[in-house]
> 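Pasting a structure below so you can have a look.
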Amino acid sequence: MTGFTVEEQVISVLAQIYRGEVIAAAATVSADIAARLAKALYAPEIVLMAGGSMAGFDCAPTAKGLNDEWISSATAVRGSDWIETFDLISAGKYAICMGPVQVDRTGSCNISVLGDWERPKVAMIGSRGIPDDLVRLSELTFHVRRHTPRALVERVDFRCGLGFGPDRDRLGLTMGEPRMLVTDLGVFDFDRDGAGMRVRSLHPGVSFGDVVKATGFELLPPRGAVPVTPPPTEEELYWIRERLDPLGVRRLDSPEPPPGLLAELAERERSLWTTPAGGAR
């Protein structure tokens, strides 16, 4: 088994964040598969939820699909509800990977609006649970599938999550720190004093110059040679391709998904659930 895609590289990296007795929450396809990979290979103690919903608590690492929560919920130890969910967030039991639309140089993130708050160019899903996460969880991880100057900006248009710097210090925030950003180009973190973002590693074939061109602000200069992100192991690639995502749903997180991919995945998934005669299996 040779070669790997950028999505498989990202999944391998994100699988590192899920360790210990935590509930794995994932807002991107890659992070979802990464949580399943972590439970399958490295951290059987982590808790997976059925499709991110309350349909099942502590599920097995089943294969990813477009409508897979009904499969994973059948493996759940028990059900859950939103009251328990917020109780567990309040207790700091969640490990969350978000998919921000914007991240800035301090680690602030935005999933709410693009443009001015009063007259936004694009209205998105709102801040959702991020304000709670800022005061309850120790760390937040970000996954941005395409590293561009529009996604990595000098200052986010609206701060849903607060990065490092004077405002965090003024508010006395000690939780919800931006731990790591993973993109299609590399792995990054943030100076705790708010000085900026730095490169932790670059994916194979990516140069520091590539990242500079794709970032909307000045990066902190690297200290010596920049490490190369370790590639996925053969065992990880087997689990990703054969066990956890045989449909290839991870391709939705490609920097440039092929046209018609969603329809292709839906048809492939439908074919798995119907007999040749058209009846349900």
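Start at 1 with the first residue, then count along the sequence.
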> Which residue, Asp81, Ile89, Asp87, forms the side-chain contact (heavy atoms from CB on, under 4.5 Å) with Thr85?
Ile89
> Look up atom CZ in Phe142 and atom CE in Met180, then write down how far apart they are to the nearest 0.5 Å.
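So the CZ of Phe142 and the CE of Met180 are separated by 11.0 Å.
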> Is there a donor-acceptor pair under 3.5 Å between the side chain of Thr148 and the backbone N or O of Arg150?
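Looks like yes, one N/O pair under 3.5 Å.
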> Measuring from Thr141:OG1 to His143:NE2, what's the distance to the nearest 0.5 Å?
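If we round to the nearest 0.5 Å, Thr141:OG1 and His143:NE2 are 11.5 Å apart.
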> Judged by atom type as modelled, is there a donor-acceptor pair below 3.5 Å linking the side chain of Asp245 to the main-chain atoms of Val249?
yes
> Evaluate the side chain to side chain contact (heavy atoms under 4.5 Å, CB included) criterion for residues Thr183 and Val211: first the C-alpha distance (whole Å), next the side-chain angles of each, then the deciding distance (0.1 Å), finally the verdict.
CA-CA 10 Å; Thr183 77; Val211 176; over 6 Å; no
> Do Ile46 and Tyr42 sit in the same hydrophobic cluster, where Ile, Leu, Val, Met, Phe, Trp and Tyr count as joined when their side-chain heavy atoms come under 4.5 Å apart?
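Different clusters.
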> With side chain to side chain contact (heavy atoms under 4.5 Å, CB included) as the test, would you mind laying out the steps for Val199 and Val206 before giving the verdict?
CA-CA 12 Å; Val199 181; Val206 177; over 6 Å; no
> Less than 4.0 angstrom from a charged side-chain N to a carboxylate O is my criterion; do Asp167 and Arg170 meet it?
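Salt bridge flag = yes for Arg170 with Asp167.
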> Would you call Glu264 and Glu267 a side-chain contact if the rule is heavy atoms closer than 4.5 Å?
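With C-beta onward as the side chain, the pair stays apart.
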> Does Arg250 use its side chain to pair, donor to acceptor, with the backbone of Ile33 at less than 3.5 Å?
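Flag not set: sc Arg250 to bb Ile33 has no pair under 3.5 Å.
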> Hey, mind stepping through Asp191 and Arg105 against salt bridge (Lys or Arg N to Asp or Glu O under 4.0 Å) and telling me if it holds?
CA-CA 9 Å; Asp191 179 76; Arg105 63 195 308 274; over 6 Å; no
> Knowing that exactly one of Met49, Lys39, Glu45 qualifies, which makes a side-chain contact (heavy atoms from CB on, under 4.5 Å) with Asp58?
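Of Met49, Lys39, Glu45, side-chain contact (heavy atoms from CB on, under 4.5 Å) with Asp58 is met by Lys39 alone.
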> Could you tell me whether Asp32 and Arg36 make a salt bridge, using a distance below 4.0 angstrom between a side-chain N and a carboxylate O?
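Salt bridge between Asp32 and Arg36, a charged N being under 4.0 Å from a carboxylate O: yes.
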> Rounded to the nearest 0.5 Å, how far apart are CZ of Arg168 and CG of Asp193?
12.5 Å
> Do Ile111 and Ile96 sit in the same hydrophobic cluster, where Ile, Leu, Val, Met, Phe, Trp and Tyr count as joined when their side-chain heavy atoms come under 4.5 Å apart?
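Same cluster: Ile111 reaches Ile96 through Ile, Leu, Val, Met, Phe, Trp or Tyr contacts under 4.5 Å.
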> For Phe190, check ring pair (Phe, Tyr, Trp, His ring centres under 6.0 Å) against everything at least two apart and list the hits.
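Applying ring pair (Phe, Tyr, Trp, His ring centres under 6.0 Å) to Phe190 gives none.
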> State, yes or no, whether a side-chain contact exists between Arg159 and Asn110 at a heavy-atom distance under 4.5 Å.
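Sidechains of Asn110 and Arg159: no contact.
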> Checking one residue: Met175. Which other hydrophobic residues are in its cluster under the side-chain 4.5 Å linking rule?
none
> Check whether Gln102 reaches the backbone of Leu152 with its side chain - one donor and one acceptor, N or O, closer than 3.5 Å.
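No, Gln102 side chain to Leu152 backbone: no donor-acceptor pair under 3.5 Å.
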> So with a 6.0 Å cut-off around CZ of Arg146, is the heavy-atom count from everything else above 12?
no
> With clusters defined by side-chain heavy atoms of hydrophobic residues (ILVMFWY) lying less than 4.5 Å apart, directly or transitively, does Leu48 cluster with Leu244?
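Leu244 does not cluster with Leu48.
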> Does this structure show an ion pair linking Glu177 with Arg192, if we count only N-O contacts that are shorter than 4.0 Å?
yes
> Evaluate salt bridge (Lys or Arg N to Asp or Glu O under 4.0 Å) for Asp253 paired with Arg145, printing each intermediate quantity in order.
CA-CA 6 Å; Asp253 274 352; Arg145 69 178 182 88; 5.2 Å; no
> Which pair of non-hydrogen atoms, one from Ile17 and one from Ala95, has the smallest distance, and what is that distance?
O-CB, 4.4 Å
> Partners of Ser201 by side-chain hydrogen bond (donor to acceptor under 3.5 Å, both in side chains), sequence neighbours excluded?
Thr229
> Could you tell me whether a side-chain N or O of Ser108 sits under 3.5 Å from a main-chain N or O of Leu162, the two making a donor and an acceptor?
no
> Under the salt bridge (charged side-chain N to carboxylate O under 4.0 Å, His left out) test, which residues partner Glu118, sequence neighbours left out?
none
> Okay, side chain of Thr215, backbone of Val212: is any donor-acceptor separation there less than 3.5 Å?
no
> Can you confirm whether Arg19 is buried at CZ, in the sense that more than 12 heavy atoms of other residues, nucleotides or ligands lie under 6.0 Å from that atom?
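Yes.
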> Using every non-hydrogen atom in the two residues, find where Ser12 and Glu236 come nearest and quote the distance to one decimal.
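Closest approach of Ser12 to Glu236: OG-OE1, 2.8 Å.
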> Restricting to ring pair (Phe, Tyr, Trp, His ring centres under 6.0 Å), what partner residues turn up for His147, sequence neighbours left out?
Phe188
> Do you reckon Met98 sits in the same ILVMFWY cluster as Val144, going by side-chain contacts under 4.5 Å, direct or chained?
yes
> Taking the side chain as C-beta and beyond, is there a heavy-atom pair between Val156 and Val103 under 4.5 Å?
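They are not in contact (no side-chain heavy atoms under 4.5 Å apart), so the answer is no.
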> Go through Val122 and Val101 one step at a time and tell me if the side chain to side chain contact (heavy atoms under 4.5 Å, CB included) criterion holds.
CA-CA 11 Å; Val122 180; Val101 175; over 6 Å; no
> Say whether Glu84 and Ser80, considering side chains only, have a donor N or O and an acceptor N or O under 3.5 Å apart.
yes
> Quick check: closest heavy atoms across Val187 and His203, and the distance to 0.1 Å?
CG2-CE1, 4.0 Å
> Heavy atoms only: give me the nearest Leu134-Gly161 pair and the separation to one decimal.
CD1-CA, 4.0 Å
> Looking only at the side chains, is there a donor atom on one of Asp104 and Thr106 sitting less than 3.5 Å from an acceptor on the other?
yes
> Between Phe57 and Tyr18, is there shared hydrophobic-cluster membership here, with clusters defined by ILVMFWY side-chain heavy atoms closer than 4.5 Å?
no
> Evaluate the side-chain proximity of Cys97 to Leu14: yes if any heavy-atom separation is below 4.5 Å, no if none is.
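Heavy-atom side-chain distance check passes, below 4.5 Å.
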> Show the nearest heavy-atom pair for residues Arg179 and Gln16, with the distance to one decimal.
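Answer, listing the atom of Arg179 first, then Gln16: NH2-O, 4.3 Å.
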> Check ring pair (Phe, Tyr, Trp, His ring centres under 6.0 Å) between Phe164 and all other residues, then give those that pass, not counting sequence neighbours.
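Testing Phe164 for ring pair (Phe, Tyr, Trp, His ring centres under 6.0 Å), a comparison that skips the adjacent residues, returns none.
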> Let me see the working for Glu7 and Arg251 under salt bridge (Lys or Arg N to Asp or Glu O under 4.0 Å), right down to the final yes or no.
CA-CA 7 Å; Glu7 302 93 74; Arg251 291 179 291 157; over 6 Å; no
> Leu237 versus Phe4: any side-chain heavy-atom pair under 4.5 Å?
yes
> Counting only heavy atoms from other residues, nucleotides and ligands, does the tally under 6.0 Å from CD1 of Ile83 exceed 12?
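Result for CD1/Ile83: open.
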> Which heavy atom of Cys109 sits nearest to which heavy atom of Ile130, and what is that distance?
SG-CD1, 4.1 Å
> Please check: side-chain N/O of Asp157 versus main-chain N/O of Gly115, any donor-acceptor pairing under 3.5 Å?
yes
> Working note: Arg241 + Glu8, criterion salt bridge (Lys or Arg N to Asp or Glu O under 4.0 Å); need CA distance, chi angles, decisive distance, verdict.
CA-CA 9 Å; Arg241 296 171 182 177; Glu8 291 164 344; 2.8 Å; yes
> Are side-chain heavy atoms of Gln9 and Thr5 found at a separation under 4.5 Å?
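Gln9 does not reach Thr5 side chain to side chain.
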> Under the side chain to side chain contact (heavy atoms under 4.5 Å, CB included) rule, what do Leu181 and Asp189 come out as? Steps first, then yes or no, please.
CA-CA 6 Å; Leu181 164 68; Asp189 60 17; over 6 Å; no
> With a 4.5 Å limit on heavy-atom distance, are the side chains of Trp117 and Ser112 in contact?
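Contact flag for Trp117/Ser112 side chains = yes.
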> With heavy-atom distances below 4.5 Å as the criterion, would you say the side chains of Tyr94 and Val22 are in contact?
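Sidechains of Val22 and Tyr94: no contact.
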